[in-house]
Amino acid sequence: MDKFNEDKNVNTTPEWYAVHTYSGYEEAVSRYLKQRVESLSMEDKIFDVIVPIEKKIKVKDGKRTTTHEKIYPGYVLVKMIMSEDSWYVVRNTPRVTGFVGADSTKPAPLSKEEVDSLLSRMGKDEGKFTVDFRIGELVKVTDGPFKDYDGKISEVDEERGRVKVMVPIFGRDTAIELDSLQVRKV
């Protein structure tokens with residue numbers, strides 16, 4: 001008898017489950033699991049596998065770059081109808097260590113709020129970057145050749161996400177243009 005469907009109120013609605021993997025193998029587990037679902041004809045029970053990733057804006061060598069970072073390293077999310085055979089397929093996928101929950105043999109699904117929050121975090125585009133600086137504001141340079149210098153904002157270019165900072169060099173104010181992520185308020 002199927003230990004997942006013992007009670008009379010069998011849930012046949014697909015739900016999201018968190019699956020623990022070896023760290024750094026999230027993408028591989030996602031690929032393996034999708035291949036296993038196809039080869040074992042489990043499309044009617046396992047519907048989606050995602051690695052929670054979000055876009056991050058970073059400054060490296062004075063240039064803004066967009067990177068993708070895992071929200072929960074070591075985990076993938078699986079949308080599935082929990083049954084003994086679907087549990088077995090996921091649990092025995094290479095590099096999967098188990099389901100997340102108090103009892104890994106009968107895992108609890110993630111709440112709708114958790115899933116909605118996570119999916120909205122993943123779907124956010126880089127969009128327009130807002131610059132939260134005003135002319136005349138005192139700032140400290142946090143990156144680049146003028147790191148640790150204090151200065152005053154003289155210009156704000158919200159379109160490009162850049163600021164001009166007047167930094168005292170050799171007793172004179174010198175204008176330097178920086179990415180807004182390279183300065184912080186003092």
Side-chain angles (χ1 to χ4, degrees), residues 1-132 142-143 161 179-182 184:
M1 183 160 175
D2 190 339
K3 66 182 173 185
F4 294 100
N5 298 327
E6 290 167 351
D7 56 14
K8 305 281 182 252
N9 303 328
V10 176
N11 186 1
T12 58
T13 307
E15 297 189 87
W16 287 98
Y17 294 87
V19 177
H20 192 263
T21 69
Y22 292 156
S23 190
Y25 288 95
E26 301 85 358
E27 296 290 340
V29 166
S30 174
R31 262 192 329 275
Y32 294 149
L33 189 49
K34 287 174 184 176
Q35 288 169 351
R36 286 173 59 87
V37 166
E38 196 174 310
S39 67
L40 298 170
S41 300
M42 291 294 293
E43 293 92 349
D44 61 331
K45 294 213 173 147
I46 301 174
F47 302 97
D48 200 4
V49 181
I50 60 172
V51 179
I53 291 176
E54 69 180 338
K55 286 183 181 179
K56 294 262 183 159
I57 301 170
K58 299 208 173 185
V59 174
K60 189 172 183 178
D61 301 326
K63 301 219 186 305
R64 182 181 299 217
T65 58
T66 303
T67 61
H68 292 85
E69 289 186 2
K70 292 178 186 86
I71 298 173
Y72 298 116
Y75 296 91
V76 297
L77 300 182
V78 181
K79 186 175 188 177
M80 61 190 275
I81 296 172
M82 186 57 72
S83 67
E84 200 163 319
D85 51 349
S86 64
W87 177 89
Y88 184 85
V89 168
V90 174
R91 182 61 189 89
N92 291 298
T93 298
R95 308 217 178 4
V96 167
T97 59
F99 282 89
V100 174
D103 180 2
S104 65
T105 61
K106 195 170 181 185
L110 299 173
S111 72
K112 182 172 174 19
E113 293 77 27
E114 289 172 314
V115 173
D116 290 346
S117 168
L118 197 58
L119 293 176
S120 72
R121 224 173 128 183
M122 288 176 60
K124 286 189 179 163
D125 291 328
E126 185 180 347
K128 187 173 185 248
F129 190 79
T130 56
V131 180
D132 191 27
T142 59
D143 184 49
D179 190 286
S180 61
L181 297 174
Q182 290 179 284
R184 67 173 166 79

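Please read all numbers here as calculations on a predicted model, not as lab measurements.
Put simply, the side chain of P107 reaches to within 4.5 Å of the side chain of M82, judged on heavy atoms. Looking at heavy atoms from C-beta onward, F47 lies out of side-chain contact with V37 at the 4.5 angstrom threshold. Residues H68 and K55 have side chains in contact (heavy-atom distance under 4.5 Å, counting atoms from C-beta outward).
The nearest pair of heavy atoms linking Q182 to D143 is NE2-OD2, 3.4 Å. In this structure, V90 and M80 approach most closely via the heavy-atom pair CG2-SD, 3.9 Å. For Y75 against T21, the heavy-atom pair with the smallest separation is N-OG1, 4.0 Å. In terms of heavy-atom proximity, T13 sits nearest to I81 at C-CG1, 4.1 Å.
Taking N92 as the reference, R36, Y88 meet the side chain to side chain contact (heavy atoms under 4.5 Å, CB included) condition, with sequence neighbours excluded. Applying the side chain to side chain contact (heavy atoms under 4.5 Å, CB included) test to E54 and every residue at least two apart in sequence or in another chain returns K56, I71, R121. Under the side chain to side chain contact (heavy atoms under 4.5 Å, CB included) criterion, S111 pairs with E113, E114, not counting sequence neighbours. Partners of Y17 by ring pair (Phe, Tyr, Trp, His ring centres under 6.0 Å), not counting sequence neighbours: none found. With sequence neighbours left out, the side chain to side chain contact (heavy atoms under 4.5 Å, CB included) criterion links I50 to W16, D48, L77, L119, M122. Applying the side chain to side chain donor-acceptor pair (under 3.5 Å) rule to T142 yields no partners; only residues at least two apart in sequence or on another chain are considered.
Atoms CG and OG1, from D44 and T12 in turn, are 11.5 Å apart once rounded to the nearest 0.5 Å. Note that CG of D132 and CZ of R184 are 14.5 Å apart. Values are rounded to the nearest 0.5 Å. Note: L33 CG to M42 CE = 9.5 Å, rounded to the nearest 0.5 Å.
The number of heavy-atom neighbours closer than 6.0 Å to CD of Q35, taken from other residues, nucleotides and ligands shown, is above 12. Heavy atoms of other residues, nucleotides or ligands lying less than 6.0 angstrom from OH of Y22 number 12 at most.
Side-chain N or O atoms of T97 include one that pairs as donor or acceptor with a backbone N or O of H20 at under 3.5 Å. Formation of a donor-acceptor pair under 3.5 Å by the S180 side chain with backbone atoms of G161 is found in this model.
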For residues 23-30, dump all side-chain donor-acceptor pairs below 3.5 Å to protein atoms at least two apart in sequence or in another chain.
{"from": "E26", "atom 1": "OE1", "to": "G24", "atom 2": "N", "distance (Å)": "3.3"}
{"from": "E26", "atom 1": "OE2", "to": "G24", "atom 2": "N", "distance (Å)": "3.3"}
{"from": "E26", "atom 1": "OE2", "to": "G74", "atom 2": "N", "distance (Å)": "2.5"}

